[in-house]
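Report on one structure; see the data block that follows.
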Amino acid sequence: MLSFCRLPIPECADTQFRQFCFLHFSSPTMPKVKSFFIKDQLKYQTLKITGSQQEGPMENGGQNMVQVQQNGNLSGSHSPIMTGSIDDSRTNLIVNYLPQTMTQEEIRSLFSSIGEVESCKLIRDKTTGQSLGYGFVNYKSPDDADKAISTLNGLRLQNKTIKVSVARPSCESIKGANLYISGLPKTMTQLELENLFSRCGSIITSRILSDPVTGLSKGVGFIRFDQRHEAERAIKDLNGKIPEGSTEAITVKFANSPSSTTKSTIPLTMASYLTASPTRRFLGPIHHPAGRYSLNPIRYSPLESTAAATGLITTPTSALISGNPLQPTGWCIFVYNLAPETEENTLWQLFGPFGAVQSVKVIRDFQSQKCKGFGFVTMTNYEDSLMAIQSLNGFALGNRILQVSFKTNKTKMM
DNA sequence: CGACGGGACGC
DNA sequence: CGACGGGACGC
């Protein structure tokens, strides 16, 4: 069942190279060919494995390895572990792409089959407790660590192929080096993405997100650099830049941390629940048009104060307003004729009195950071949105007359 | 008269 | 000769 072979990789005992070794098989179930390459040196070697998966590779592999072996000292010639040393640079492994359900004890059990494990830690989300899919295994002996890499790297567990490599020493400078990139051309490949960012530093991983159904790129992706300063450089160099052959500027920023990612969707959902029904109860039934706005209607819309009540009869279906499909996010309102200096707080102040406002957005020119004359406001309740539109459309803000309506589907392309 | 974003965060 | 899955650094 195991789709790996025991295969010593002496040159990978060199810490500098080991972390760049990749092992893969040509076939998931019956590997005939095993190859590896050292990314930094663009050097790789393939071992043809034709016989038994246990003995054959051991011998073949060991001989083949000698060609690239630099200072292999596999069998007994190594010095004993330094007593009292805290040097775990050769014993500490990072295990990636673990199955979601795998526990720390299962990991410990698996890796203990190689040799004595000093410590084992599965990294979990701080708040949810969910596995983050990676962990650390520290062996007592460097030889066992080597053996674990050669034996367990590439092991298929459930739907995952785990990766076992030497962990970089824990160091502040490698944290926060993961970038989130948006605005990528839909045609851009992962390789092209890496080519774009490789000038800024050493890329550890990259990824372009794609729609699981269509397989098409979502135009966003990730780049993890080796060092945080490299990521910072990439933000400076590439944020707002237009890739060659594209017309759109990309956005480069630090990626969310895993824990904040899971948190972020919950408050929005909660907000919809909390604001929707209780608020309406306080407003009273529809046939009672004297809402809170009727106390001072002239303040917002002197010309339309009586018309405001007529829109409260029914909530339209999603088909009626094309820009507002019935979505959990609410009703999106287009606000036009904003001054260049307009900021978000202006929109909050304008729309807040009409009910729950989920978000506001002032659209700005990237270069000047001045408002392009319009913005968007998303409100939770249809009735509140309608009241806000009817009241604020035509409202004089400074020396400008606002135009306020539900958002349509217009885009630059159409 | 015109004018309708950006985000998206990996199972 | 040839090449790579997927949240990669301690929550």
Side-chain angles (χ1 to χ4, degrees), chain A residues 19-26 33 35-39 42-46 92-101 119 121-136 138 154 156 159-163 165-184 190-191 203-212 217-222 224-226 248 251 253-262 264-265 322-323 329 332-338 359 361-364 372-376 378 403 405-412 414:
Chain A
Q19 62 186 308
F20 295 109
C21 285
F22 293 76
L23 298 174
H24 66 99
F25 303 104
S26 57
V33 174
S35 69
F36 66 92
F37 80 109
I38 301 167
K39 196 171 186 176
L42 295 176
K43 190 161 78 178
Y44 69 94
Q45 182 165 359
T46 298
N92 194 29
L93 307 181
I94 182 168
V95 187
N96 290 298
Y97 314 119
L98 291 162
Q100 185 59 236
T101 59
S119 63
K121 173 140 196 197
L122 171 64
I123 306 305
R124 296 179 174 277
D125 184 288
K126 199 185 344 184
T127 51
T128 69
Q130 297 255 330
S131 165
L132 289 183
Y134 71 94
F136 297 87
N138 195 13
R156 286 165 195 270
N159 54 340
K160 301 283 190 181
T161 304
I162 67 169
K163 181 176 175 192
S165 53
V166 170
R168 292 179 286 173
S170 188
C171 169
E172 282 304 312
S173 68
I174 67 175
K175 296 177 185 171
N178 197 21
L179 294 178
Y180 177 83
I181 302 107
S182 58
L184 296 170
Q190 182 181 5
L191 194 60
I203 295 172
I204 301 294
T205 54
S206 69
R207 183 160 160 77
I208 289 178
L209 299 188
S210 55
D211 185 294
S217 165
K218 290 163 81 171
V220 302
F222 296 91
R224 180 182 294 275
F225 280 103
D226 181 41
E248 191 185 355
T251 299
K253 54 198 250 189
F254 286 112
N256 293 157
S257 64
S259 41
S260 66
T261 301
T262 47
S264 63
T265 56
S322 57
T329 47
C332 191
I333 298 165
F334 174 64
V335 187
Y336 182 71
N337 211 16
L338 297 169
S359 65
K361 182 79 181 178
V362 172
I363 305 307
R364 295 181 167 87
K372 289 163 84 170
F374 61 95
F376 298 92
T378 300
Q403 295 177 43
S405 62
F406 282 112
K407 180 189 180 307
T408 68
N409 273 340
K410 285 180 192 170
T411 72
K412 271 183 269 185
M414 305 174 91

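Computation of the quantities below employed the complete heavy-atom set of this structure, encompassing side-chain atoms and omitting hydrogens, waters and symmetry-equivalent molecules. All values derive from a computational prediction rather than experimental measurement. In what follows, every chain begins at residue 1, and chains take the letters A, B, ... in the order their sequences are listed.
- Here the P atom of nucleotide B/dG10 and the CG atom of A/Asp125 are 11 Å apart, to the nearest Å.
- Which of B/dA3, C/dA8, B/dA8 sits closest to the side chain of A/Tyr134 comes down to C/dA8.
- Within 3.5 Å, a donor on the side chain of A/Asn92 pairs with an acceptor on the base of C/dG10, or the reverse.
- Here the side chain of A/Gln403 is nearest to one of B/dC4, B/dA3, C/dG10, namely B/dA3.
- Across B/dC4, B/dG7, C/dA8, the shortest atom-to-atom separation from the side chain of A/Asn96 is found for C/dA8.
- Stacking of A/Tyr180 onto the six-membered ring of B/dC9 is present: less than 5.5 angstrom between centres, less than 30° between planes.
- In this structure, of C/dA8, B/dG6, C/dG10, it is B/dG6 that holds the atom nearest to the side chain of A/Lys361.
- Taking the side chain of A/Tyr336 as heavy atoms from C-beta on, and the options C/dG6, B/dG7, B/dG2, the nearest nucleotide is B/dG2.
- The shortest distance between side-chain heavy atoms of A/Val95 and A/Lys163 does not fall below 4.5 Å.
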Practice problem: Check the pair A/Phe334 / A/Phe376 against ring-ring contact (aromatic ring centres under 6.0 Å, His included), numbers first and verdict last. | Solution: CA-CA 5 Å; A/Phe334 174 64; A/Phe376 298 92; 5.7 Å; yes

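- Comparing the C1' positions of B/dG10 and C/dA8 gives an interatomic distance of 12 Å, to the nearest angstrom.
- The shortest distance between the side-chain N/O atoms of A/Lys218 and the OP1/OP2 oxygens of B/dG10 is not below 4.0 Å.
- A/Arg207 has a side-chain polar atom (N or O) that falls below the 4.0 Å cut-off from OP1 or OP2 of B/dC11.
- Taking the C1' atom of each, B/dG6 and C/dC11 are spaced 30 Å apart, rounded to whole Å.
- Taking only distance into account, the side chain of A/Asn178 meets the base of B/dG10 through a donor-acceptor pair shorter than 3.5 Å.
- Stacking here means ring centres nearer than 5.5 Å and ring planes tilted less than 30 degrees, and by that measure A/Phe222 stacks onto B/dG10.
- Comparing B/dC4, B/dA8, C/dA8 against the side chain of A/Lys253 picks out B/dA8 as the nearest.
- Base contact: A/Ile123 has a heavy atom under 4.0 Å from a base atom.
- Contact annotation: side chain of A/Gln190 to base of C/dG6, donor-acceptor pair present below 3.5 Å.
- If you check every strand for non-hydrogen atoms under 4.0 Å, A/Phe374 touches sugar and phosphate atoms only.
- Here B/dA8 is the nucleotide among B/dA8, C/dG7, B/dC4 with the atom lying nearest to any side-chain atom of A/Ser182.
- For the pair A/Ile94 CD1 and C/dG6 P, the interatomic distance rounds to 16 Å; values are reported in whole Å.
- In this structure B/dC11 sits in the anti conformation; its chi angle is more than 90° from 0.
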